Amino acid sequence: MAYHSFLLEPISCHAWNKDRTQIALCPNNHDVHIYKKDGTKWTKIHELKEHNGQVTGIDWAPDSNRIVTCGADRNAYVWTQKEGSWKPTLVILRINRAARCVKWSPRENKFAVGSGSRLISICYFEQENDWWVCKHIKKPIRSTILSLDWHPNNVLLAAGSCDFKCRVFSAYIKEVEEKPGPTPWGSKMPFGELLFESGAGAAGQTAGGGGWVHSVCFSHSGNRLAWTSHDSTVAVAEGGKTCTVSSLSSETLPLLCLTFITENSLVAAGHDCYPVLFVYDSAKGSVAFGGKLDVPKQAAQKGISARERFQNLDRRASATQTTEQDLNTLHKNSISQISVLDGGRSKCTKFCTTGMDGGMAIWDVKTLESAMKDLKIV
Amino acid sequence: MSKNTDSDRFRRVDVDEYDENKFVDEEDGGENQGGPDEAEVDGLIRHIISGNLNAALLAVLKNPPINTKNQNIKERAEQLVLKVLSSFKSSDIEKAVGSLDRAGVDLLMKYIYRGFEKPSDNSSAVLLQWHEKALAVGGVGCIVRVLTARKTV
């Protein structure tokens with residue numbers, strides 16, 4: 001478990017390059033810094049300064065080596081590397097609120113931007129005019145889009161929004177791709193078609209409504225969609241005629257990010273500052289809590305003197321030295337983003353988390369599995 | 001100046017009502033949810049007198065008036081729940097909470113917080129005891145669900 005503290009400011013967002021030697025991150029300001037791995041140290045090699053507002057999303061296309069960034073200044077830039085330095089290209093998104101998240105599609109011929117203007121901009125490159133054009137998906141989104149994830153078929157897009165719903169849209173652009181084949185989520189996929197909406201008519205949910213959907217993730221095959229919500233729930237939906245939704249109300253604080261590490265296991269992290277494993281059982285249609293994935297620090301147990309006891313009583317109304325409020329997790333503040341480093345979403349071996357404490361931790365799945373006795377990653 | 005600066009009625013206009021982008025919650029059929037109803041109430045009182053408090057708790061947590069807009073129904077439900085909660089002995093609270101399922105604990109927590117809103121006599125002390133035991137079972141996630149619920153009890 002490697003932990004590197006980059007800065008004192010929160011890391012707003014991050015993205016890795018293809019061979020995981022460089023990381024692009026935003027230190028909670030208008031710039032993007034690119035760090036390169038030098039043995040065990042990280043050195044800053046580039047600073048991408050173009051945005052006028054906080055950079056809210058970064059995505060690095062592994063094959064074409066382009067970076068797309070989106071910011072609170074309602075703009076997105078596509079950066080290409082020319083002669084060692086990164087050159088930006090402005091993309092007109094036609095939004096009148098801040099952009100919140102951006103993701104390249106699997107084939108890297110388009111990207112999607114979620115924003116506070118209650119719409120998703122799908123941008124693709126138009127060869128004859130040599131610029132990026134965007135199309136909007138508006139209906140029936142009623143609030144800010146917080147997170148996006150593409151389906152492996154390059155057409156379907158999952159969006160988590162502040163109107164408490166997780167939806168799957170079709171982002172089929174006929175100028176850049178052929179018609180996609182049918183999937184478990186649906187077969188007719190014109191641009192902007194809504195193929196799935198969570199919570200719509202879902203009976204038996206006594207909580208009703210739920211919370212903002214912070215993060216969405218498709219599984220490797222694309223047949224499963226998982227999302228985390230601000231009411232401390234994790235839900236998994238499986239595409240298909242039955243379209244079942246299974247959700248788990250967790251005992252932790254809300255989770256802000258999640259990813260599939262195998263077809264049945266999810267790792268999520270959030271305001272509790274540690275990653276958590278969830279296991280989805282397709283036969284039973286249920287999500288179960290798998291375990292807390294953090295290496296607890298060994299607390300030094302020494303005897304305390306009577307004087308210290310009374311001092312602690314004065315200070316924290318409890319006679320013990322270390323209370324449970326002490327944060328003995330790796331991250332010292334909420335974890336805001338999680339990304340898979342090795343192995344893809346079907347057989348992940350390493351994943352990385354960044355958080356509001358300005359640190360980045362790399363977690364090794366094998367080590368975690370052997371360290372936690374009851375952990376089973378199916 | 002001109003006549004239109006005389007009146008200041010325009011200052012009392014609620015501009016949010018005219019915002020076409022305003023978020024409106026979906027309307028769920030709440031008319032048939034009357035809260036724990038009369039038959040239940042009598043059954044409950046019998047349960048309490050006979051000492052079968054666990055059953056009383058389960059009964060009063062049934063059919064919560066979540067979707068209805070009628071405040072009276074909600075008030076009545078809250079009073080009933082408070083009555084049942086207060087008649088438990090401190091040592092029995094833990095077992096009672098343990099007999100509830102996940103959704104039940106969430107619902108109980110909602111009633112507890114609603115009870116906190118209007119403290120009366122000894123209610124807060126009793127509610128705090130219940131809160132502690134429910135927290136042990138439901139975790140902070142349970143409280144987060146009370147805070148983020150769009151339709152409360």
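We use all heavy atoms of the structure for the numbers below, so side chains are in, but hydrogens, waters and symmetry mates are not. As the structure is a prediction and not an experimental result, all values here were calculated from the model. Naming convention: chains lettered A, B, ... in sequence-line order (proteins, then strands); numbering from 1 in each chain.
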>> Can you confirm whether E94(B) is buried at CD, in the sense that more than 12 heavy atoms of other residues, nucleotides or ligands lie under 6.0 Å from that atom?
In response: no
> If you draw a 6.0 Å radius around CZ in R97(A), do more than 12 non-hydrogen atoms from other residues or ligands fall strictly inside?
Replying inline: no
>> Assess the residue pair V144(B) and L253(A) against the criterion (side-chain contact (heavy atoms from CB on, under 4.5 Å)); give the C-alpha distance rounded to whole Å, side-chain angles, the decisive distance to 0.1 Å, and a yes or no.
In response: CA-CA 7 Å; V144(B) 174; L253(A) 291 175; 4.0 Å; yes
> Measuring heavy-atom distances to chain A, does V146(B) have an atom under 4.5 Å in its side chain, in its backbone, in both, or in neither?
Replying inline: neither
> Would you find more than 12 non-hydrogen atoms of other residues, nucleotides or ligands less than 6.0 Å from R224(A) atom CZ?
Replying inline: yes
>> Can you give me the closest heavy-atom contact between S232(A) and G141(B), atom names plus distance?
In response: OG-CA, 3.5 Å
